[in-house]
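What follows is a set of notes on a single structure, which appears directly below.
For reference, positions follow the sequence shown, starting with 1. Worth saying up front: this structure is predicted, and the values here are computed from it rather than measured.
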Amino acid sequence: MTNLLDVQNIEVIYDQSILALKQVSLAVPQGAIVALLGANGAGKSTTLKAISQLLASENGAILQGDIFYQGQSILQSNPSQLVQDGLVQVLEGRHCFANLTVEENLKTGAFVRHLSNAKLKTALEKIYHYFPRLADKKATFAGYTSGGEQQML
């Protein structure tokens, strides 16, 4: 069985001189939950940026190794294509549109998936099942929700 995600011995450099990761490997089996733990500066965020192909925005690059998503190398992939393929990095913090409601924020996140109304409704129901507090606040402007609620969103 192929892993959903397979990171093989990647090395990442910033500004063409700062080695940030050396020989990092991890595997995420289909249906599994994997945690990436480490101290500040250990390379957790850099690893995630490498996987989502967002290193270039911070003058970073993968020097060696490979990253496979659903059995295919993604090293040359465009981050927007990865999002359409279902590989999404959810940034930490409270990144939401304050002037949109909670539900409008969720629908914005689903935009690139081009869901039918029925599938969107099912996806929202699933989110509200996992985060019932968001269901209670779905008509509230995101900017008026608590910090914890914004992180859920």
Side-chain angles (χ1 to χ4, degrees), residues 1-10 12 20-21 24-40 42-62 65-153:
M1 181 176 164
T2 305
N3 289 320
L4 178 65
L5 180 69
D6 200 2
V7 177
Q8 299 178 351
N9 295 312
I10 60 169
V12 171
L21 296 179
V24 171
S25 297
L26 64 90
V28 179
Q30 188 77 32
I33 296 173
V34 174
L36 187 58
L37 305 173
N40 289 345
K44 301 177 301 292
S45 294
T46 297
T47 301
L48 294 175
K49 289 174 190 168
I51 292 167
S52 57
Q53 299 297 298
L54 295 174
L55 286 171
S57 67
E58 296 186 10
N59 204 20
I62 298 173
D66 210 340
I67 302 171
F68 295 90
Y69 176 63
Q70 297 181 333
Q72 302 292 318
S73 176
I74 59 171
L75 285 187
Q76 303 303 317
S77 297
N78 183 305
S80 62
Q81 183 60 50
L82 292 175
V83 169
Q84 289 181 356
D85 293 342
L87 182 64
V88 180
Q89 179 176 349
V90 178
L91 301 173
E92 65 184 337
R94 303 175 190 173
H95 301 282
C96 57
F97 298 106
N99 295 323
L100 297 180
T101 66
V102 166
E103 187 156 298
E104 289 168 339
N105 269 272
L106 292 172
K107 287 180 178 179
T108 300
F111 177 75
V112 297
R113 295 179 59 200
H114 307 289
L115 301 176
S116 67
N117 285 338
K119 287 185 178 182
L120 177 60
K121 182 180 177 191
T122 300
L124 287 171
E125 288 172 357
K126 186 175 183 180
I127 292 167
Y128 292 144
H129 170 76
Y130 287 115
F131 300 101
R133 186 71 180 154
L134 294 182
D136 296 341
K137 298 283 187 169
K138 65 183 171 185
T140 303
F141 286 113
Y144 292 129
T145 60
S146 72
E149 291 162 346
Q150 288 177 17
Q151 288 178 334
M152 284 185 245
L153 180 56

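With rounding to the nearest 0.5 Å, the separation of CD1 in Ile51 from CG in Leu82 is 11.0 Å. Atom CD of residue Gln53 and atom CD1 of residue Ile67 lie 5.5 Å apart, to the nearest 0.5 angstrom. Once rounded to the nearest 0.5 Å, the distance linking CD1 of Ile62 with CD of Gln76 reads 9.0 Å. From Leu26, atom CG reaches atom CG of Leu5 across 6.0 Å, with rounding to the nearest 0.5 Å. Atom CG of Leu153 is separated from atom OG1 of Thr108 by 9.5 Å, given to the nearest 0.5 angstrom. One distance of note links CG of Leu87 with CD1 of Ile74; it measures 5.0 Å at 0.5 Å rounding.
Shortest non-hydrogen contact noted between Ala50 and Ile10 is CB-CD1, 3.9 Å. The two residues Pro29 and Val34 make their nearest non-hydrogen contact at CD-CG2, 4.4 Å. Between Ala27 and Asn3 the shortest heavy-atom distance is CB-ND2, 3.4 Å. Taking each heavy atom of Ala32 and Val28 in turn, the nearest pair found is O-CG1, 4.3 Å.
Residue pairs meeting the side chain to side chain donor-acceptor pair (under 3.5 Å) criterion with at least one partner in residues 128-146, sequence neighbours excluded, are Glu103-Tyr128, Arg133-Glu149, Ser146-Glu149. Legend: salt bridge (charged side-chain N to carboxylate O under 4.0 Å, His left out) pairs involving residues 69-80, not counting sequence neighbours: none detected. Pairs engaging residues 67-90 under the salt bridge (charged side-chain N to carboxylate O under 4.0 Å, His left out) rule: none recorded [sequence neighbours left out].
For Asp6, the side-chain hydrogen bond (donor to acceptor under 3.5 Å, both in side chains) partners are Gln8, not counting sequence neighbours. A search for side chain to side chain contact (heavy atoms under 4.5 Å, CB included) contacts involving Leu4 returns Gln30, Tyr69, Gln70, not counting sequence neighbours. Evaluation of the side chain to side chain contact (heavy atoms under 4.5 Å, CB included) rule for Glu104 yields Leu100, Thr101 as partners, not counting sequence neighbours. Not counting sequence neighbours, Asn99 has no partner by the side chain to side chain contact (heavy atoms under 4.5 Å, CB included) test. Judged as a side-chain hydrogen bond (donor to acceptor under 3.5 Å, both in side chains), and not counting sequence neighbours, the contacts of Ser25 are Asn9. Qualifying side chain to side chain contact (heavy atoms under 4.5 Å, CB included) partners for Ser52, counting only residues two or more places apart in sequence or in other chains: Leu54, Gln89.
Side-chain contact between Leu55 and Thr46 is present, with heavy atoms from C-beta onward closer than 4.5 Å.
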Would you be so kind as to tabulate the donor-acceptor pairs closer than 3.5 Å made by side chains of residues 115-125, with sequence neighbours excluded?
{"from": "Ser116", "atom 1": "OG", "to": "Lys119", "atom 2": "N", "distance (Å)": "3.2"}
{"from": "Thr122", "atom 1": "OG1", "to": "Ala118", "atom 2": "O", "distance (Å)": "3.1"}

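At distances below 3.5 Å, not a single donor-acceptor pair connects side-chain atoms of Lys44 with backbone N or O atoms of Leu36.
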(message) Could you walk me through whether Val88 and Val83 satisfy the side-chain contact (heavy atoms from CB on, under 4.5 Å) test, starting with their C-alpha distance in whole Å, then the side-chain angles of each, then the deciding distance to 0.1 Å, before giving a yes or no?
(response) CA-CA 5 Å; Val88 180; Val83 169; 4.1 Å; yes

